Amino acid sequence: MDRPALRTIAIVGLGTMGTGIADILARAGREVIGIDTNEAAARQAVAALETATARSVERERMTQSERRDVLARFRTFTGIEAAAEADLVIEVVPEDYDTKCQVFAALDTLVRPETILATGTNALSVTRLAADSDRPERVLGLHFFNPAPAMRLVEIVSSVLTSPRAVAAVTALAEELGKEAIAVGDRPGFVADGLLFGYLNQAATMYESRYATREDIDSAMRLGCGLPMGPLALLDLIGVDTARTVLEAMYAQSRDRLHAPAPVLRQLADAGLTGRKAGRGFYTYAAPGSAEVVPDALTPDPAASGAAGRSVTAVGVVGSGTMAGGIAEVFAKAGFPTVLAARGEAKAKAAKERVGASLDRAVKKGRMTGGDRDAAMALITPAGSLDALAGADLVVEAVAEDLDVKRALFRRLDEVCEPGAVLATTTSSLPVVACARATSRPADVIGMHFFNPAPAMKLVEVVTTVLTGEEAHATVREICAKVRKHPVDCGDRAGFIVNALLFPYLNNAVKMVQEHYASLDDIDAAMKLGGGYPMGPFELLDVVGLDVSLAIERVLHEEFRDPGLAPAPLLEHLVSAGCLGRKTGRGFREYARR
């Protein structure tokens, strides 16, 4: 297909995003016309490019001659008339429909008939902007991610009116810029933000309900999912007002309660507490625009932690699977004598052998010495009976996710363990209080949700019920510190922090594929490149297991009764077909059999 060459490109709006796009284009040899009615913004854009290119020279990524050429290709103006000769115009003015319409109306009277007009919106309807233009076929969305020079993803958004020739030209440009271009249809949020903002909104709602502190919510998602930032810190970076605008647009189309902006977003925005740019949002910053978080009235005070924990000198772990072995390894490496109890001596010994294999891998990779490995193994005692747990001060169970099984286990532990022993469950989806009520000591029962693989993952969700005593809670938090885990506090409700935020996001990704909006590969690429996620949603679903994921989603839907949390039918169909992910060789993708 013949496509127009895009050599001269105008950018309308020289804020952070517009300046970043100008930087990319000028370095790529394009003539860049920067337009902003605010002269100070134009000067700041030039200064930013001067600073960025000077840094590149210092790092020997370009020569002084190349730097002069880049700076010469970037010219700034305060009038939109400067866009008249551009082959492509990209508007990145504020997310306000009337403002964007005024820009497009002015461009219609100035530019050549073949000039492509692109909007940088991530929330407003590209179709509506195109329909109001004199030449709707040349209007499309070109959504860069912030910071534009660093982020590889570009979403190219077509309306039903967009010419394939215009899409081809802009796609070729994005690829020449070294970006990963994905083509998507016109709906609020597109792929990356469509998934991201629902998750951010749920995190804001979780914080607003006082279910967990802002620090614990953010730590849980960073440490439990490997995300570069926690959701509340990310909302501050994006701008609370911007996030609310995007969510309003998404809710107007979807009517999904998960997209209805959390009231706290409006309250913060109306108060001018819009995040980093204002110096205060969910967190308080050293100055407007600063990334440095400073203590405020909501900052936790370590000295006000309350009761002291009980002494723990011996630990018990119940189970023979991967999680049980991993937890036993964690305690043994920290120097705790650990009884690993399973149903029968053979199962317990096999579980200990798997711990040994894990420690051997750590020695081979230089993460521990052979002596440390031997010392840890010597601290693990396999046992085929729960009676061996009688002397444990803390017992952590990691048996099957079946409430009847866990209740029976806790009844037995109540009989075996000495008074004062803390009994913990690793459940990720069942009510901890049900385990507590199976005992005569509900104040000593708590949730201690490790993440898989337990030796590597830093996070532990510490789940208190309405019956949990302060001493048991303090004991578990102190133990987490001793085994070098990061505890986050939360209440006894489905999903706790991580799963309650993670699985609705995964479910929404499945719905996107189910609705033929985007492909598996494009969605995975969008979240890794545009959101900084270590894995795309479909990669993660196949690793976790589609059956496990479906079970968690059903629990969330049953507890919160929100229609938006209903598991996607496509996920249910795959599970019914036995396509459970990597463990069966097929899930959303197919895998080579080992």
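Quantities reported herein were computed from a predicted structural model and do not represent experimental measurements.
For the pair R266 and P261, the minimum side-chain heavy-atom distance is 4.5 Å or more. The shortest side-chain heavy-atom distance between L501 and I217 falls under the 4.5 Å cut-off. Side-chain contact between R67 and E50 is present, with at least one heavy-atom pair separated by less than 4.5 Å. With a 4.5 Å cut-off on side-chain heavy atoms, V513 and F588 do not count as touching.
Summarising the geometry of A48 relative to T19, their closest heavy-atom pair is CB-CG2, 3.8 Å, with the distance given to 0.1 Å. Heavy atoms only, all atoms of each residue included: N122 and E95 are closest at OD1-OE1, 3.1 Å. The heavy-atom pair separating I497 from A220 by the smallest distance is CG2-CB, 3.6 Å. Listed here is the closest heavy atom pair of I116 and A169: CD1-CB, 3.9 Å. The two residues D241 and K277 come nearest to each other via the heavy atoms OD1-NZ, 2.9 Å. The shortest heavy-atom contact between C225 and V498 is SG-CG1, 3.7 Å.
Taking the ring axis of Y283 as reference, the NZ or CZ atom of R280 does not stay both within 45° of it and closer than 6.0 Å to the ring centre.
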side-chain hydrogen bond (donor to acceptor under 3.5 Å, both in side chains) for D132 and Y97? Distances and angles first, verdict last. CA-CA 11 Å; D132 286 345; Y97 183 75; 2.4 Å; yes
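Separating the CD atom in Q267 from the CZ atom in R244 is a distance of 10.0 Å, to the nearest 0.5 Å.
Classified by interplanar angle (parallel below 30°, tilted 30° to 60°, perpendicular above 60°), the ring pair F145/H143 is tilted. The aromatic rings of Y533 and Y199 sit perpendicular, their planes meeting at an angle over 60°, well past the 30° parallel limit.
V240 pairs in a side chain to side chain contact (heavy atoms under 4.5 Å, CB included) with only one of the listed residues (L268, V264, L232), which is L268.
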